[in-house]
Amino acid sequence: MDESRKIAAILVADVVGFSRLAGADEDRTLARLRALRSDLIDPTIAVHKGRVVKRTGDGAIVEFRSVVDAVRCAIEIQNSMIERNTGLPPERRIEFRVGIHLGDVVEESDGDLMGDGVNIAARLEGIAQPGAICVSEDAFRQVKSRLDLAISDLGETKLKNIAEPIRVYSLQCGNAIAAKATSLAGVATSVAPALSLPEKPSVAVLPFQNMSGDPEQEYFADGMVEEIITALSRIRWLFVIARNSSFTYKGRTVDVKQIGRELGVRYVLEGSVRKGGGRVRVTAQLIDAGTGAHLWADRIEGSLEDVFDLQDRVASSVAGVIEPALRRAEILRAQRKRPESLDAYDLYLRAFPIAFATTPQIVDKALDLLERAVGIASDYAAAHALIAWCLHTRCFFSGSADDVRLAALRHARIAIAAGGDDATALAIAAFVIGILERDYDTAFNGFAQSLALSPSSALALGLSSLIRAWSGDDATAVEHAEQAIRLSPFDPMIFCPYIALAYAHFFTGHFEEAAAAAGRAAQANPGFSIPAVLRTVALARLGRKEDAATSGRRLQELWPDFTVSGFAAQNFMIPERLAMLAKPLREAGLPE
C-alpha cells in the first residue's frame, strides 16, 4: 500500500461520558449527536478547511492545514456547546474533550492517517477536561501569540504509551472567553480584503437562537430561518446571502461589523425562536452591519397553525425597513406556498440536513423521512425534489439499477409540476432531470423559473452552472458559477460551482483557469474524484506532464477502478465533451 509522510495539525475529539448518556437514553443521545454533527461540527470543520479522517463512534479524528485552523475550529465548537447546554441538567449535557497536536503523520493511500502525530493528539484528548482543549507544546507554539483566552500550563506530562513526557497546555473555553474567541478567528479574515457591497441592498440572516429548552427543537429554529431566507431571496431587488454561509456563524459570538465585512452585506438579521404549548414566539432585530445600529426589532407570536404566516410577516417587515418604497406586489410575491400539513413540513426539515450526504445509509434515512412527508402531502414539491436528489445520489455513488434512475426522474417531474412557486424544489428537480436524462430544455426552464422566483439562490445558480457546462453553454456556466460563489462564499457545496468553472474553462481552452478552479473544488471537497479528473486533464493540456501524472495518481486513489473508457461512457454530458476529456486522461497515463 502506498504511503507518504507529512507534518499535519491533528484534532481528536470525543464525547465525555458517552456510554453513560447512551445508557440513560440511547435514542435521544444518538439523535442529538447526529444533529450536532450535521448542524455544528461538520460545517465548522469545513469552514476551517479540515478533513475528517475517520469517525470513532462518538468522536472523530480531523486533519487541518494549520494549528490555527484546528484551534479556531475547536474553540467555536466548544463555545457553541456551552450555549447549547444552557438550561440542561448536567446528566443530559453533551460535552466534548479535544486534543490538538502538530506532528509527523503517515498518510496511507486511502487517506487514513497513522503515527505519533495522531497518537499524541488522541492522548491529549484523553486528559482534557470536559469542554476544554489540550494542545501540545509544538501546537501551542504556533498559536500562542494569537490567543486571548484562559490558558493553563500543565507542564511536562507523561502520556500513555508515549515514550517522552510532553509539555501540555489547556485552553479553557467558556463565557470568560466567548467574547474574545473572535480574536483568533480574525487571523484568517485579517489577511483577506473585505468583500465589497453589491449595488442592491444586501442582507445576511444569522441562525436564530433556539429558546425552547429542548435541543431537539434546533431543527425547528433552523427551519424558521431558512424560510425567512427563502422569502427574502424571492424579492428581486434584494441580495441575500445563502443559508450555508450565514449558518457558519451558528453558535459563534461574532461582532456584526465583522460579519458584514466577511460576507459583504449591509444588513444582518438575528433573532430567536421559542416554541412551546402549541405556540411560537419569534423575536428578530435588523442591524446595520456598517454602524452596528439597530434599525428594527419586533416580537411576533402566534399558534403553530399559523407558523408560515409568522415567517412571512418577519420577512416582509425586514424588507420594508431595507427598502421603504417596496411595492405591495413584491411583498406578496415573497409569500410562499407550503404543504397543508405541518407534520409533513417537520419531516422535510428533519430530512434536509442529511439529504445531501454521499453515504447510502444516511441518504436512506433522509428518504424514509421524505417518503413519509409525501405520504401526508402528496403534492409537496420540496419533498419530491429532495427524494429525486437522494435517488440521483444512489445512482452515482452506489451504482443503483435503472429503476432507481427512473424513480428519481418521476419525483423530479412531480416537483417541477407542483413547485411553481418553490425556487429550491425547481432547482433541484431541474438538476436531476439534466444530469440523469440530459433533457436540457426542461432543466433550463426549471432553472429559469427558480431564478425568477429567487435571484439570490446560490443553490440554483450553482446547479445551473454544472448543467450549462455539461450542455455546452460555457459563458452562462461561468456567469452562474461566479454568482453562486459570491452569494455563498462559505458554502459546503461550493465545490459544485468550482467544478462548473473548471469544465467551462477547459472546454474554452483556458487551461490555467481550469486547473485553478479544479484545485479549489478539490480543497472544498477533498474526497470527491471529479475535481481530480478536471485538474488532470487541464494539466495535461498545459504540457505539465509530471503534474498531470501526479494528479492522475490522486484520481486513482479516490476512484480505484477508474478507466478512461468507463468515464467516457458516462451519460451526464454531451458525448463530444466527454471525448474531449478522454484524450488528455490517456496522455496522463490513466488506464484505458
Side-chain angles (χ1 to χ4, degrees), residues 43 46-47 195 198 204 226 229-230 233-234 239-248 263-264 352-353 355-358 382 385-386 388-390 392-393 396 412 415 419 422-436 440 443-507 513-514 516-525 528 530-531 534 572-573:
V47 165
L195 291 173
E226 185 172 346
I229 290 173
T230 301
S233 296
R234 296 177 65 216
F239 185 98
V240 184
I241 291 294
R243 172 194 188 277
N244 284 337
S245 283
S246 60
F247 266 60
T248 61
L263 294 179
F352 192 88
F356 296 95
T358 57
L386 277 189
W389 179 276
C390 291
H392 130 271
T393 300
F396 276 84
D422 189 323
T424 299
L426 289 167
I428 293 173
F431 177 80
V432 171
I433 290 170
I435 191 173
L436 292 186
Y440 295 135
F444 293 154
N445 285 336
F447 286 128
Q449 292 180 60
S450 175
L451 291 170
L453 291 165
S454 183
S456 294
S457 173
L459 176 67
L461 288 164
L463 295 180
S464 171
S465 68
L466 283 168
I467 300 297
R468 295 282 180 179
W470 295 334
S471 69
D473 186 358
D474 298 309
T476 307
V478 171
E479 178 187 350
H480 284 188
E482 290 178 344
Q483 287 182 48
I485 293 166
R486 173 62 183 89
L487 282 165
S488 193
F490 303 142
D491 200 316
M493 292 185 70
I494 201 168
F495 64 92
C496 288
Y498 276 124
I499 287 173
L501 283 177
Y503 274 119
H505 286 315
F506 177 84
F507 291 131
E513 291 87 345
R520 292 285 189 90
Q523 292 173 7
N525 191 349
F528 194 30
I530 295 301
L534 293 165
F572 64 92
M573 74 171 77

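Computed over heavy atoms, backbone and side chain alike; hydrogens, waters and symmetry mates excluded.
Counting heavy atoms from C-beta on, the side chains of Ile499 and Pro531 come closer than 4.5 Å. Counting heavy atoms from C-beta outward, Tyr440 and Asp473 have side chains that stay 4.5 Å or more apart. Between His505 and Val478 there is a side-chain heavy-atom pair separated by less than 4.5 Å. For the pair Phe495 and Ile530, the minimum side-chain heavy-atom distance is 4.5 Å or more. Counting heavy atoms from C-beta outward, Phe447 and Thr476 have side chains that stay 4.5 Å or more apart. Looking at heavy atoms from C-beta onward, Phe431 lies in side-chain contact with His392 at the 4.5 angstrom threshold.
Here CG of Leu263 is found 9.5 Å from CZ of Phe239. Values are rounded to the nearest 0.5 Å. Atoms CG and CG, on Leu459 and Leu426 in that order, are 11.0 Å from each other to the nearest 0.5 Å. The distance from the CG atom of Asn525 to the CD1 atom of Ile494 is 12.0 Å, given to the nearest 0.5 Å. Separating the CD atom in Glu479 from the OG atom in Ser464 is a distance of 9.0 Å, to the nearest 0.5 Å. Rounded to the nearest 0.5 angstrom, Leu534 CG and Leu501 CG are separated by 11.0 Å. Distance NE2/His480 to CG/Leu451: 6.0 Å, rounded to 0.5 Å.
Shown here for Ala504 and Ala469, the closest heavy-atom pair between the two residues is N-CB, 4.4 Å. Considering every non-hydrogen atom in both Leu463 and Ala427, the closest pair reads CD1-O, 4.0 Å. The minimum heavy-atom distance between Ser457 and Ala460, with the atom names listed, is OG-N, 3.0 Å. Of all heavy-atom pairs spanning Ala502 and Ala517, the tightest one is N-CB, 3.7 Å. What you find for Ser471 and Phe444 is that their closest heavy atoms are OG-CZ, 3.3 Å. Counting all heavy atoms, side chain and backbone alike, Ala412 lies closest to Ile433 at CB-CG1, 3.8 Å.
The backbone N or O of Trp389 sits less than 3.5 Å from a side-chain atom of Thr393, completing a donor-acceptor pair.
Judged by the 6.0 Å and 45° rule, Arg468 forms no cation-pi pair with Tyr503.
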